[in-house]
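Below: the structure, in C-alpha cells.
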Amino acid sequence: MRLPLGSSCILRSLFPHRRQASNPQRRGLSAAAMRLVQFVRRGASGAVRVGVEQGAGGLGVVDLKAFDPSMPSTMRELLQLGDEGLECARRALSSGQCVVERSDLQLLSPVLAPEKVVCVGMNYRDHCLEQNAPIPKEPIIFSKFPSALTGPYDDIILPSESQEVDWEVELAFVIGRGGKHIKEEDALSHVAGFTVANDVSARDWQMRRNGKQWLLGKTFDSFCPLGPALVTRDAVGDPHSLAVRCLVNGDTVQSSNTDQMIFQTEALVAWVSKFVTLTPGDVFLTGTPPGVGVFRKPPVFLKKGDVVECHIDQLGSIINKVV
C-alpha cells in the first residue's frame, strides 16, 4: 500500500526514533552545518516550532517535533539538550521528511525569551573613527531586555516617547553551552551559531535622557529584530570576515566587515563569563560599523513607512518595516 504524503512523520510519532548516546569525542555543539529557525504555521493555533532550513532562502523547513515528537518546541530548549538536540536536527534534515513549505509558515526570532541579551558598544574600529572616539581597551557591555526581541520580518514600532530612532546592523551569536569563567581558547565551543541583528536605538534616550544610561534607549519593544536563522558554527567559514550591510529604503547606509571588530566572539564570551554565568540561548550583539543615522550631517532618523534591511554574508537578511 502506498503511504500518503507526510505519513513518515505520522509513523515517527507512533514509533519515535531511539536516541543515540552522545559521543564524548565530538567537537561540542554545532558539529553539523545547519540553519535552525523558529516558526509558527500560518492559520494554526500559534504553537512555536523549531525547524531546520533545507537551504538558505526559498526551500522548505523540516519540523523537528513532527520528525521526533520527543523534541522540544523552542530553540532555547533544543540548545539545552546540547549535542543530543543538534544530532536530532541533523537526522531530521538528512531525512527530507516533515517539510513545511515557506508559504505555510511565519519565521520568528531564532531565540525567544533568552535569559540574557548581551550587547557590545564601540566594537568596530571604523565606528570609533566615525565618532573620533578612542579604541576601547576593554569591551563596553550593556544589555537589552529580552522583550525587545522581534522576528526577522516583523515591524519596528516607533515609540511616541522618542523622535530619534536609529538603525544598527550587527553580527549576533547565541550561546549553546553554558559556563562561567570560560577560557578564550574554549569559547567557540560554547557558541551554537550566528545570526543577524538590528540594535535599534532611541538616541535621545541613549545619549541625553535617563542619566545617559543606555538601557532605556536600547530596549523599547521591537528594538531587536533577529534572524532569519541561527546558522551553526560549521556553516560559517570565518565569522570575523563577513561583509555587513544595512539599507534604508534600498539605500546603503552601513557597509563594513566583521574583520573590523575590536573584540571578537571568543574574547567577548570569555570577558562576559567573568561576571555572569552564561546559559544556552543567551544572545550576544557584537557591535555595529559606521553609518548610523545619529552621526550623519545632518542626523537622519527612522520614520514611519521606512524599510530597514540588515544583511550579513552567509547568514542572510532581516527586513523590517517601521510603523
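Keep in mind that what you see is a predicted model, and the values were worked out from it rather than measured. Throughout, numbering of the chain's residues begins at 1 and tracks the sequence.
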#### Entry: Ring geometry between Phe284 and Phe173 (parallel below 30°, tilted from 30 to 60°, perpendicular above 60°)
parallel
### Message
Between Leu107 and Arg102, is the side-chain contact (heavy atoms from CB on, under 4.5 Å) condition met? List the steps.
### Response
CA-CA 9 Å; Leu107 287 182; Arg102 289 274 177 169; 3.8 Å; yes
### Task
May I ask you to say whether Lys218 pairs ionically with Glu168, meaning some side-chain N is under 4.0 Å from a carboxylate O?
yes
### Query
How would you list all residue pairs meeting side chain to side chain donor-acceptor pair (under 3.5 Å) that involve residues 281-297, not counting sequence neighbours?
Lys116-Asp282, Gln254-Thr288, Thr279-Asp282
### Query
For Val40, which fellow cluster members are found when Ile, Leu, Val, Met, Phe, Trp and Tyr are connected by side-chain heavy-atom distances below 4.5 angstrom, either directly or through intermediates?
Val48, Leu108, Leu112
### Query
Does a side-chain N-to-carboxylate-O contact under 4.0 Å join Glu164 and Arg208?
yes
### Query
Quick one: ring-ring contact (aromatic ring centres under 6.0 Å, His included) partners of Phe301, sequence neighbours excluded?
none
### Task
Please identify each residue that fulfils side-chain hydrogen bond (donor to acceptor under 3.5 Å, both in side chains) with Asn249, with sequence neighbours left out.
Asp306
#### Entry: Salt bridge flag under 4.0 Å for residues Arg209 and Asp204
no
### ILVMFWY cluster membership beyond Ile157 - transitive side-chain contacts under 4.5 angstrom
Val323
### Summary
For Leu215, the hydrophobic cluster (side chain heavy atoms closer than 4.5 Å, chained through members) also holds Phe145
### Message
Between Asp104 and Arg41 (salt bridge meaning N to carboxylate O under 4.0 Å), is one present in this structure?
### Response
no
### Message
Check Arg42 with Glu101, please: is the shortest side-chain N to carboxylate O separation under 4.0 Å?
### Response
no
